[in-house]
Protein chains: 2
Amino acid sequence: MSSDLQRIIAFIVELDKLKAVLRKTKPVGLDRYENIAEHSWQVCLLAQLLSEYANTPLDIVRVTELLLVHDIPEIDVGDQIVYQTKDKSRADAERQAAARIFGLLPQHQAGWLMSRWQEYEDRKTSEAAFAHAIDRLMPVLHNINNNGQSWRENRVSVEKIRAVNAVIGEVCPAVWELVQDSLEQLSKEGLFDYGVGST
Amino acid sequence: MSSDLQRIIAFIVELDKLKAVLRKTKPVGLDRYENIAEHSWQVCLLAQLLSEYANTPLDIVRVTELLLVHDIPEIDVGDQIVYQTKDKSRADAERQAAARIFGLLPQHQAGWLMSRWQEYEDRKTSEAAFAHAIDRLMPVLHNINNNGQSWRENRVSVEKIRAVNAVIGEVCPAVWELVQDSLEQLSKEGLFDYGVGST
């Protein structure tokens, strides 16, 4: 039977698999897709830097915990672009994955991380809403600085970009205003003049 | 002149460069070197999970902040294996890099992240000592689970591995005990029977 410490080590080694799960966006300046592990680090920092722009008081410690674990189930189920609707079977698969992976840990730590992941999914707390908005914002910033790479590749309309990312405005109005200005400018420059796909 | 928000965005996009800075270790199961961004995420989680094994009380929030920023200057100066001594010119270059990169941020945030990075470097607080030990521990765990990949590639002797990583034992004795058992076992199995290099 494994000791608690051995279980923690088994969990942290399992997390290496998240470094092989690719997202739809490429880091600015790199010709490859980013993975979930590096994305998770970047959104933690973005959240810390933007917390002073949130329109409600936030427990930033909790936000960071949510963002550190929010995508871990993608080890089993892979990434899905935010412009696709999450159906019930996807949500169920994510929950099963979370139970398997967090279940590698000692019971009290498994429960702790599972509750953070569930809080992120439920989006009922201010912290979860903010973490969710930051998670949406990061690929928008990539696209604004990357000639719309993942928007073009997935033929996402500017209307859909505005609709799906409006949650940013609900928690960080000043940031959303800046994003809207960029979208307006990129639209004028013809970035979105591609045929719109089914995504 | 850029607004504070624009400066935060410039900084977070600059961080994408850390996804291209490679370490000496490969994630378990992957045939590529890991980058600093994904490493930074993983050590944040490892620190949270092991904080209850620390032999002094810790402000885990601060530990997380230290680990989120600890390697950011490597955007400019690249990675250096821990088995090499850091000389003064390397330390100076890291400080200049920190000043440049954190200097992209609004002044109060630049000061905040610079002070965290400096605290990590100085290793005078319990939080910095713990963060430093976690940073050492992660590649040890990789090597234990990866047939000693970076130790073999850099021909690091088991004596040097024990000496350089002894800091883990200073803050997390139970973890260090487990690591020593693994080193003993791997040593018996002949893992370290390579010629020892100059690293």
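Computed from heavy atoms alone, side chains included, the values below leave out hydrogens, waters and symmetry copies. Chain naming here is simple, since letters A, B, ... match the order of the sequence lines and numbering starts at 1 in each. The structure presented is a predicted model; accordingly, all values stated were derived computationally and were not measured.
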Is there a donor in the side chain of A/E184 and an acceptor in the side chain of A/Q180, or the other way round, less than 3.5 Å apart?
no
Between B/E52 and chain A, which part of the residue has a heavy atom less than 4.5 Å away: side chain, backbone, both or neither?
side chain
Taking B/K17, B/E34, B/Q48 one by one, which has the highest count of heavy-atom pairs under 4.5 Å against chain A?
B/Q48
Greatest number of heavy atom pairs closer than 4.5 Å to chain A - which of B/N145, B/L46, B/V61:
B/L46
Does the side chain of B/I36 reach to within under 4.5 Å of the side chain of B/R23, using non-hydrogen atoms?
yes
Test item: B/I72 and B/F102 side chains (from C-beta on) under 4.5 Å apart, heavy atoms
yes
Report the option among B/C44, B/A174, B/P106, B/P27 that has the most heavy-atom pairs separated by less than 4.5 Å from atoms of chain A.
B/P27
Can you tell whether the side chains of A/K19 and A/E74 come within less than 4.0 Å, N to carboxylate O?
no
Give a yes or no on whether a salt bridge exists between B/R32 and B/E38, defined as a side-chain N under 4.0 angstrom from a carboxylate O.
yes
Below 4.5 Å from any heavy atom of chain A, which atoms of B/L49 appear? Answer side chain, backbone, both or neither.
both
Between B/L105 and chain A, which part of the residue has a heavy atom less than 4.5 Å away: side chain, backbone, both or neither?
side chain
Which portion of A/L137 sits near chain B, non-hydrogen atoms under 4.5 angstrom:
neither
Using non-hydrogen atoms only, which part of B/L45 is less than 4.5 Å away from chain A: side chain, backbone, both, or neither?
both
